[in-house]
Amino acid sequence: MSSSTPSEQQDQPKAASASKAPFRYGATLAESIELRWQEWWREQDVFRTPNPGDEDFDEDKPRYFCMGMFPYPSGAGLHIGHLTNYIPNDIIARYYRMKGRNVLHPMGWDAFGLPAEQYAIQTGVHPEETTRKAIDTFRKQLQRFGLSCDWSREFATIDPDYYRWTQWIWLQAYRSWYDHAEDRARPVQELVELLERGDYSVNADLEIIEAPAGDGLNSWNDLDHDQQRTAIEHRRLAYLSEQTVNWCPKLGTVLANEEVIDGRSERGGHPVHRRPLRQWMYRITSYADRLLKDLDLLDWPESTKRQQAEWIGRSEGAEIHFRLEDPFDESLAVYTTRPDTIFGATFMVIAPEHPLVDQLVASPPEGIDIEGIQAYVTASKDRSDLDRRSDSGTKTGVFTGVHVLHPLTGRKLQVWISDYVLMEYGHGAIMSVPGHDERDHAFALQFDLPIVEVVRPMAGSDAECHAGDGININSACELLELDGLHTAEAKARVIAWLEEHGVGRGKVNFKLRDWLFSRQRYWGEPFPVVFDQQGHHYGIGNESLPVELPPLADYEPVESNEPSPLLSKAVDWVETTAGDAGVAPNELDPDAPVRREVNTMPGWAGSCWYYLRYCDPRNEERFVSAQAESYWLGPREDGPGGVDLYIGGAEHAVLHLLYSRFWHKLMFDLGLVTSAEPFSKLFHQGILTSFAYQRPDTTLVPVDEVEEVGEDQWVESATGTPVQRVTAKMSKSLKNVVNPDDVVAEYGADTCRLYEMYLGPLEASKPWNPRDIIGVHRFLQRTWRLAVDEDTGSLQLADEMDETVEQALHRTILKVGEDIERLAFNTAIASLIEFTNTATSHGGLTREQLDRLARILSPFAPHIAEELWHRLGNETTVGHAPWPNHDADLIRDELIEMPVQIKGRIRSKVMVSADADEETLREAALADERISELLGDSEIRKVIVVPGRIINIIPG
RNA sequence: GCCGAAGUGGCGGAAUUGGCAGACGCGCCGGAUUCAAAAUCCGGUUCCCCUUGGGGAGUGUGGGUUCGAGUCCCACCUUCGGUACCA
């Protein structure tokens, strides 16, 4: 390794910048220092992280894997808000490296997605071209901040070497099923073996049953090939399904439930319609229980865990079958969480999409208002989700003319149709208990249906409709008696009765639904699957991966009423043979003509597993080697394993973080990873806001349409209307986005890093105020001046150590370390500033003190720290120097000042020995001149002494 | 509506376990230095009252627990997130 380090080449300051103090730390000097060390770090490969098995890997060091959610590189370039994610990560990485850990601190790019494709539609430029360009810009901008990432591990989700494995993981799901008995995913091959052996059988609907054949259950070996295929389809974890999807015409694609907010697309806010479509799904619901339960293992913000728990939405209740009256000889299944209120059920409500509605329309029983029903069903289909929601208070509905029989009382209950019942949840039908459910209550009032009170609240409640627990009343018949029972007991009693009489059972339900995983767009991973002429699908063999995206002549979405995937335009690519596509010959004749799947995967796919690839990004044999995976992500004593610290925005609380957990658990079940969870500790950084201007009607005016007319007074340029300065989330439309390049040009990257971390707590949303940046810049200037003569550029250090400075340094070392570990960078920086101020006013630092200061400063301001460190004669990076120790004895003061209170009010202070016992403290306080003066002759009732904290005297 | 988080000087914020409220920074005021300015250094800066030592009030509002509350409890107000008929 070269011993020549850049600091030996002295900086030649530009004359213009400083005639008097040519070596003052300012923008020019900062830039030259920063660029020089960034180049040196790159040349010397300083932050390359060896993997287990590599020659220079030290297996005795514990790991620390920290990463930020990778960015989507947009054409607009980096934004100051991105850095609230990557700077803290870098500080942590640099700190733990110095604390002797093997630190994995990688960076990559989330690069498939809509914006590049939209741009391609307008310009005809291939999305890959724009995306690659954006990545280069982002990389350059991020590197300008001196991130200590191992850039040799960088990749983008659009790299064929990466998405090859994204496709491979999808195939793992495609080739797996969920064994509920063992509560894990297993290869489909093992399911086939169980079926062939006769352990499992298949029912009339071709669903696989975990029981031998007989009693209406067929043996697998008696089924024909197509029937067997269909049965397996019912179990694959990645499966095709015709179901109602969220179609967004504007985006030209379907969206997952999670991507639809208030009936509009999460991205762009475009209207979304419900329509049936055959799509690839992920059976994430099989994991609902584990995704919920394992939240307990995670060191995540409580609010995020709660959001996931609510999204999963587990509820306990019962499924109840109500027999339909003639001419139907079947029953209506409902789900309820309140089986205890069964005596209060006075009517039924079904969703407009309920199959019973179709039956009624197909063969209407005599005397029912079939036209009214049809009109209502059609109307509710046309109503968008948004409309349905906006008037959720008022209920609409129509009577079917059909009745069911109450299983206990035998009474006839009317069956209504209403869109307040959702087909997607439970059975799309409910027993309505208007006495104890507010929605049912509103409906009953609307249509004048009977309301019966069956639960009396424990404490006096005067609510018209009591939805909580209580004691059952009016709940008895010859078959069952619930009166006087508490809700919990009544529930159990009803469920037992239902099960005993075969009209229902206890049931757990989830809000979580299967994950719609295909899109009709171009710029995403192709599915590694083909269809034969019968429409049967076949997975593509591993050796034929990746299935690369074909180029397209144009990216314009196909205008059509039917969603039409863009890839169908690539005819030559779509039409191929089984052999060319890579289907195993034992599955399909290699010459058989096949069509490739033309849907692509959604933007989430690549981000589901990128943390895994970081562990071993160039592996061509495996998505990650077992050795690398278990070292970087394996379980540890203090947690379930996974990434040690994952920092990212709270907006991903449900989507990305739930999907990723699901993929990880699937891979865990298949023995591909060793930890049960992907991210053991999660942290959300707050958003940055900046100044924006508000009209009197609270609408916001773009920053460049406002001028300042006086102190704290602004007007809208066009109209002269006074506007008020407020802080708002940075956004393009308000033109209040701060560009990091500008800040770097004015102060340097170290100042920018410091300022961003000094603003306030990492998790809080904070205002960016350019006025305040100068404070941390001055701090760096002062630190520089402690060590370097501003006129000559030579080192200037104290020969004699000052005791006060030495003690302050020990305290600062301790404080900064503690604060970094709890991600309190703002207070860590405050203590560094305090120390520099102390050193400045006490005659400066010795060589050895500067050495330690450079080390503890380096996580925050790595360039200036590296410069000082090398000026002291060190030749390796400060980033690999050990974190300095502090001497606990030195930190402790011998004499301390303690406040003395009388009746809780501070009246004096006494100097006492730090280790004085309670009695000594008490005497010292009472002996204090001012205290005895104030107390006079009054008797002393009590003296509270908290050593090191306070002495409080209570007179009688 | 429901769930959650947060309200502290002119501003960003600090106070880690109930123990000196306002660390640190910005801004502002004063001083040193300078022909002058910038930069730098030193001092002051929650509010009110006497101003000599001091006294009183004070962490969104109102109550409570405690020797002692920014911190714990109850009610309310405001702001910001999340969520949307899930039976």
Side-chain angles (χ1 to χ4, degrees), chain A residues 18 20-21 24 26 261-263 301-304 306-307 310-311 313 315 317 334-338 341 349 385 388-393 395 418-422 424-433 436-440 442-443 467 509-513 650-651 653-654 684 686-687 689 712 727 729 754-755 758-761 763-779 781-782 785 790 818-819 822 824 826-834 837 840-841 897-906 909 930 941-944 946 948-954:
Chain A
K20 270 201 175 153
R24 168 159 299 165
I261 296 165
D262 294 354
E302 284 306 314
S303 60
T304 301
R306 199 178 314 108
Q307 278 181 56
E310 278 172 19
W311 188 264
S315 72
V334 305
Y335 174 74
T336 178
T337 54
R338 293 297 300 273
T341 62
V349 186
D385 287 4
R388 274 204 193 189
R389 252 180 25 78
S390 63
D391 54 10
S392 62
K395 297 282 182 279
S418 173
D419 62 9
Y420 84 89
V421 174
L422 310 174
E424 305 85 66
Y425 185 76
H427 295 86
I430 60 161
M431 67 173 203
S432 196
V433 185
H436 303 285
D437 181 285
E438 283 179 27
R439 297 151 302 181
D440 296 346
F443 192 84
N509 230 340
F510 294 92
K511 280 203 256 181
L512 184 69
R513 276 165 245 153
E651 67 274 20
V654 184
H684 297 308
I687 54 163
T689 56
D712 295 332
T727 50
K729 191 172 172 174
L754 276 173
Y755 176 62
Y758 186 63
L759 272 173
E763 67 276 17
S765 119
K766 298 164 294 259
W768 179 275
N769 187 347
R771 193 185 69 184
D772 295 342
I773 302 174
I774 191 71
V776 284
H777 188 64
R778 283 181 192 148
F779 156 62
Q781 279 185 335
R782 231 172 297 139
R785 202 179 303 121
E790 291 187 332
E818 283 174 347
D819 283 356
R822 61 187 184 100
N826 54 333
T827 51
I829 294 167
S831 66
L832 284 165
I833 296 174
E834 248 179 313
N837 293 346
T840 300
S841 58
E897 188 187 59
M898 279 204 22
V900 183
Q901 298 180 328
I902 295 175
K903 283 214 298 208
R905 308 200 63 109
I906 290 159
K909 291 179 181 176
R930 183 157 164 73
R941 184 146 56 98
K942 197 173 172 188
V943 179
I944 291 144
V946 184
R949 295 282 190 191
I950 209 143
I951 303 160
N952 191 3
I953 301 163
I954 318 298

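Quick note on labels: first sequence line is chain A, next is B, and so on, each numbered from 1.
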To the nearest Å, give me how far apart CD1 (A:I954) and P (B:G68) are. 7 Å
Using the ring of A:Y420 (Phe, Tyr or Trp, six-membered ring only), decide whether A:K395 places NZ or CZ under 6.0 Å from its centre and within 45 degrees of its axis. yes
Name the nucleic acid region contacted by A:R930, choosing base, sugar-phosphate or nothing; use a 4.0 angstrom heavy-atom cut-off, strictly under. sugar-phosphate
More 5' along RNA chain B: A:H427 or A:E310, using each one's nearest nucleotide? A:E310
For B:A87, does either OP1 or OP2 sit under 4.0 Å from a side-chain N or O belonging to A:S315? yes
Rounded to whole Å, the CG-C1' distance (A:L754 to B:G12) equals 15 Å
Of all the choices, B:A87, B:C11, B:G4, which nucleotide is nearest to the side chain of A:R771 once you look at every atom? B:C11
Heavy atoms from C-beta onward define the side chain here; which of B:C3, B:C67, B:C85 lies closest to that of A:R306? B:C3
Tell me whether the OP1 or OP2 atom of B:A39 has a side-chain N or O from A:R778 closer than 4.0 Å. no
What stems, by residue range, does RNA chain B take part in, given at least 3 consecutive Watson-Crick or G-U pairs under 3.5 Å? B:1-7 with B:77-83, B:10-12 with B:24-26, B:27-32 with B:40-45, B:46-49 with B:54-57, B:60-64 with B:72-76
A:E438 CD to B:G1 P, straight-line distance once rounded to whole Å: 13 Å
In whole Å, measure the gap between the C1' atoms of B:G53 and B:G58 for me. 23 Å
Nearest-Å distance once atom C1' is located in both B:G62 and B:G7: 16 Å
Tell me whether the OP1 or OP2 atom of B:G4 has a side-chain N or O from A:Q307 closer than 4.0 Å. no
So if I take every side-chain heavy atom of A:R785 and compare against B:G4, B:C41, B:A87, which nucleotide ends up nearest? B:C41
In B/S/- notation (B base, S sugar-phosphate only, - none; protein heavy atoms under 4.0 Å), nucleotides 13-21 of chain B written 5' to 3' is SSSB--BBS
Measure from CD1 on A:I774 to P on B:A39 and round the result to the nearest Å. 8 Å
Closer than 3.5 angstrom, by distance alone: can the side chain of A:Y755 be matched with the main-chain N or O of A:P770 as a donor-acceptor pair? no
In whole angstroms, how far is the P atom of B:G4 from the CD atom of A:E763? 19 Å
What do the steps show when you test A:H684 against A:T304 for side chain to side chain contact (heavy atoms under 4.5 Å, CB included), and what is the final call? CA-CA 9 Å; A:H684 297 308; A:T304 301; 2.6 Å; yes
When we call it a touch if two heavy atoms are under 4.0 Å apart, what does A:N509 touch: a base, just sugar-phosphate, or nothing? nothing
Whole Å only: how far is the CZ atom of A:R338 from the C1' atom of B:C85? 17 Å
Looking only at atom C1', what distance separates B:A38 and B:U33, rounded to whole Å? 12 Å
Just to confirm, is there a sub-4.0 Å distance from OP1 or OP2 of B:A87 to any side-chain nitrogen or oxygen of A:Y425? yes
Rounded to whole angstroms, how far apart are CH2 on A:W311 and C1' on B:C3? 15 Å
Do A:V433 and A:T336 have side chains that approach each other closer than 4.5 Å (heavy atoms only, starting at C-beta)? no
Under 4.0 Å between a side-chain N/O of A:R905 and OP1 or OP2 of B:A57, yes or no? yes
Nearest whole Å is fine: how far is B:G25 P from A:W768 CH2? 19 Å
